[in-house]
Structures are given as C-alpha cells and as structure tokens.
Amino acid sequence: MSQRQRRVLEAALLILAAVAVFWPAGTLFYRRYLAAIYIGGAVGLGELVARYRDAPERALTTTPAILYILINAAASGFAMYVVWHFDIMKGQTGERLIVMQILLAGFGAMAFFRTSVFTFRQGDQDIGIGPIAFLQVMLKATDRAVDRLRANERARQISVVMNGVSFTRAKVALPTFAMALMQNVPSDEQKSVADEVNGLDANTTLDDDTKAKNLGLKLMNIIGIDVLGTAIQQLFDQIQKTGSIVIDPLSATVKVGESTELTATCKAGDADKTSLSGRTVTWSSDQATIAEVAPNGIITGKALGKTIIRATNEGVEKHVSVEVTT
C-alpha cells in the first residue's frame, strides 16, 4: 500500500469515528450500526496486532490485513441488522436495549465467525470446517503479504543489529537478558525460545554467523528490534565475536628439552582492533613430536625441526612457526 493510500484510509477512519460520535440523536439507529462495526473492526485489528508484535503497523498496511479488518467490521454490521430486524432482544427497552444490541452484534458476529462445525486433523494440525475456515484463509493471505513486505527489511535489520555478535557467547546471555528486560513474556514463549536456541546450538551444518542471525530473528519476533538492539548494546563486550588473534612473538626458536612461552590476544573485528578480555585460546601443534604446546601456551622442544603452533578461538585461527634447535 502506498503512502497516499494509507493517508486516504486513515482519513476515512477518522471521518467514520467523527460520524459515530457526533451523529445527531435523531439518527441513533445508524449509530448502533457504527458502534457494532467498530467493535468488529477492533477485534480484527487486535488479532493482527497480536500476530505481528515486532512491527504491527507494518502488518496493518497490507491489503489482506485491511480486508480482514473490513470483513470483521461488515460481519458485525450485518449482525446488527439481524438483531434489530428480528427483534432478538425482546424484553429490553431504552438505553439498555441499545447497549445489548450493540454488544450482541459486535461480539456475537465475531464468535460466530470463529466457530467450526467440526474439525479434522491433517498431519500435526487441526483444521476447522465452518465459518472459521474463511477467516483462516484471510489470515494466511495476510501472513504471506506481511512476510513479503517485511522479509527484506527484517534481513537488513538483523544483519546490522547482530553484526559482530558471537552465537557461541550470546546463546545463553542474550536470551536471558532480553527476556528479563520484558516483564510480560509468558513462560511458554520463553521455553519455546530456549528450545529453538538449543536446536540451533546442536545444528552442525550452520556457521556461527548464521546461527547468530537466526537467534536474533527469534528474539526480534518477541521483543522487537529496538529492545533487541538495546540488549545487544548492553552485553556487547561479553558477546561480541573474536575478529582476529595476535600471537607474540611472531615466531619462536627453542632448544631441545627447553621451553618458551607464546601469548595470544583475541581482538575484535572493529577498525581499532580492540583487545577482548576473558577469551581463552586453544593451542595445538602440527607436529607434537618436534614441539608440543601446553594449554597455557608453553612450548617445549622435543626434536630437531620446524613445526606450526596454532591458536584458535571461536573459529578464528592464528599460527606461528617454531624451530627446535640443539
């Protein structure tokens, strides 16, 4: 939907709201219709907002979403006609009659549209047969439209906000802190996130960057991009990934039977190559029979020759050449 179309829709809604509020008392009959229609539209609007919590305003600007709201509103308007025409609220008079008619039409139509005559199970999904089937079709169409609208934007947002984040370091700290920032995330949703993170952690086919982006998307669906960005900013020193490793010295010579020490410093991937504290590298020797290396970087010469000593951290590696002499 274009910006002009959105403005026209917003103007139309404002006009309807003004009509509903300021319509002359002599036309109270029509105000009942408007009140029922607004209830129906509000119910549909609430459903869409609940489905797309990370950016509900984006969902409401798609054509299927607008149609979904209008269908709910029209159903309540038709229900108002039925209630009035068949004098369903017998025994009620005055303002009480008006209020009861509006509530019955507004919410009754919504209840009817969400009923199913019977359900059958297909695979792992229950499918309702009845009025609800029509709304389900509209919701699926809205889902597809919102997905197409939001996919590119979500990809850009998550690439920016998760840039430099290590999944290995963030998989526990980030979800825990993000959920703590929110006060009303249900426990079942928190458990669902934990299960999905565990699934990502167990996946051996995805690299760390891809896992980090998927982690960000799962959290963004619940807490939104702004809260996610704040959480990452607060934890960034702890969860940023190692960009490079610097080994000192750049090469080493050690005699057979003697030892020397290498030190490794993990650096961030930023332009300043900021040193990262609290990072432990894993040392290894290509030929331990020539020179072996301990977990603390101490090299011991074993036999004459040359070998490569490697330091790795979170998939990043640096190596130096070591010569063993007499």
Side-chain angles (χ1 to χ4, degrees), residues 49-60 146-147 149-246 263-282 311-318:
V49 169
R51 291 174 72 87
Y52 312 108
R53 287 170 297 176
D54 69 314
E57 72 283 355
R58 294 290 188 179
L60 302 181
V146 173
D147 284 344
L149 178 68
R150 293 278 289 135
N152 291 335
E153 182 181 1
R154 282 163 58 86
R156 288 192 295 269
Q157 288 177 330
I158 212 65
S159 295
V160 171
V161 77
M162 297 300 291
N163 183 39
V165 174
S166 164
F167 173 80
T168 302
R169 302 183 69 84
K171 62 184 179 182
V172 175
L174 184 58
T176 301
F177 183 62
M179 294 304 173
L181 290 177
M182 306 294 289
Q183 301 182 56
N184 298 301
V185 179
S187 57
D188 58 332
E189 287 192 11
Q190 296 187 39
K191 183 179 183 303
S192 175
V193 171
D195 291 341
E196 292 178 343
V197 171
N198 290 336
L200 282 173
D201 192 28
N203 191 316
T204 58
T205 62
L206 299 178
D207 58 38
D208 191 85
D209 283 345
T210 303
K211 289 182 179 181
K213 290 176 181 177
N214 277 277
L215 170 62
L217 286 170
K218 294 178 188 304
L219 292 175
M220 186 173 73
N221 291 339
I222 296 177
I223 66 177
I225 189 65
D226 291 335
V227 177
L228 176 60
T230 299
I232 291 172
Q233 184 179 17
Q234 294 297 317
L235 296 177
F236 196 65
D237 287 345
Q238 292 77 40
I239 65 176
Q240 65 178 315
K241 64 182 179 182
T242 299
S244 61
I245 298 174
V246 175
T263 60
T265 303
C266 295
K267 300 283 188 175
D270 55 27
D272 296 330
K273 301 295 182 182
T274 307
S275 296
L276 301 175
S277 61
R279 309 294 170 103
T280 302
V281 301
T282 300
T312 60
N313 178 266
E314 297 176 5
V316 178
E317 180 188 289
K318 182 69 175 179

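Just so it is clear, the model here is predicted, and its values are computed rather than measured. Numbering of residues begins at 1 and proceeds along the displayed sequence.
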Distance in Å, [X] [atom1] paired with [Y] [atom2], rounded so as to fall on 0.5 Å steps:
| X | Y | atom1 | atom2 | answer |
| --- | --- | --- | --- | --- |
| Ile158 | Asn163 | CD1 | CG | 11.5 Å |
| Glu317 | Ser244 | CD | OG | 13.0 Å |
| Met220 | Leu215 | CE | CG | 11.5 Å |
| Phe236 | Leu174 | CZ | CG | 11.5 Å |
| Glu196 | Asn221 | CD | CG | 8.5 Å |
| Ile225 | Arg156 | CD1 | CZ | 12.0 Å |

Determine, stepwise, if the pair Val165 / Leu235 fulfils side chain to side chain contact (heavy atoms under 4.5 Å, CB included). CA-CA 10 Å; Val165 174; Leu235 296 177; over 6 Å; no
Which residues pass the side-chain contact (heavy atoms from CB on, under 4.5 Å) test with Val185, not counting sequence neighbours?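 Partners of Val185 under the side-chain contact (heavy atoms from CB on, under 4.5 Å) test: Met179, Met182, Glu189, Gln190, Ile222.
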Verdict with reasoning, Gln157 to Asn152, per side chain to side chain contact (heavy atoms under 4.5 Å, CB included): CA-CA 9 Å; Gln157 288 177 330; Asn152 291 335; over 6 Å; no
Take Thr210 and Asp207, measure what side-chain hydrogen bond (donor to acceptor under 3.5 Å, both in side chains) needs, and give me the verdict at the end. CA-CA 6 Å; Thr210 303; Asp207 58 38; 2.8 Å; yes
Side chains of [X] and [Y], heavy atoms from C-beta outward: is any pair under 4.5 Å?
| X | Y | value |
| --- | --- | --- |
| Ile245 | Asn313 | yes |
| Thr265 | Lys267 | yes |
| Leu219 | Pro175 | yes |
| Val197 | Val172 | no |
| Gln240 | Ser166 | no |

Would you please test Val281 and Cys266 for side chain to side chain contact (heavy atoms under 4.5 Å, CB included) and show each step? CA-CA 8 Å; Val281 301; Cys266 295; 3.8 Å; yes
Is there a side chain to side chain contact (heavy atoms under 4.5 Å, CB included) between Leu181 and Ile223 once you walk through the steps? CA-CA 9 Å; Leu181 290 177; Ile223 66 177; over 6 Å; no
With a 3.5 Å distance limit and no angle check, can you tell me whether Asp208 reaches the backbone of Phe167 through a side-chain donor-acceptor pair? yes
Please answer whether the main-chain N or O of Gly199 pairs with a side-chain N or O of Asn203 as donor and acceptor at a distance below 3.5 Å.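 A pair under 3.5 Å: no.
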Sequence neighbours left out, what pairs pass salt bridge (Lys or Arg N to Asp or Glu O under 4.0 Å) with at least one residue falling in residues 223-241?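 Only Asp209-Lys241 qualify under salt bridge (Lys or Arg N to Asp or Glu O under 4.0 Å).
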Under the salt bridge (Lys or Arg N to Asp or Glu O under 4.0 Å) rule, what pairs show up with a residue in residues 158-186, not counting sequence neighbours? Arg169-Glu314, Lys171-Asp201
Inspect the surroundings of NZ in Lys318 and state if more than 12 heavy atoms from other residues, nucleotides or ligands are less than 6.0 Å away.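 Check fails, neighbour count at 12 or below.
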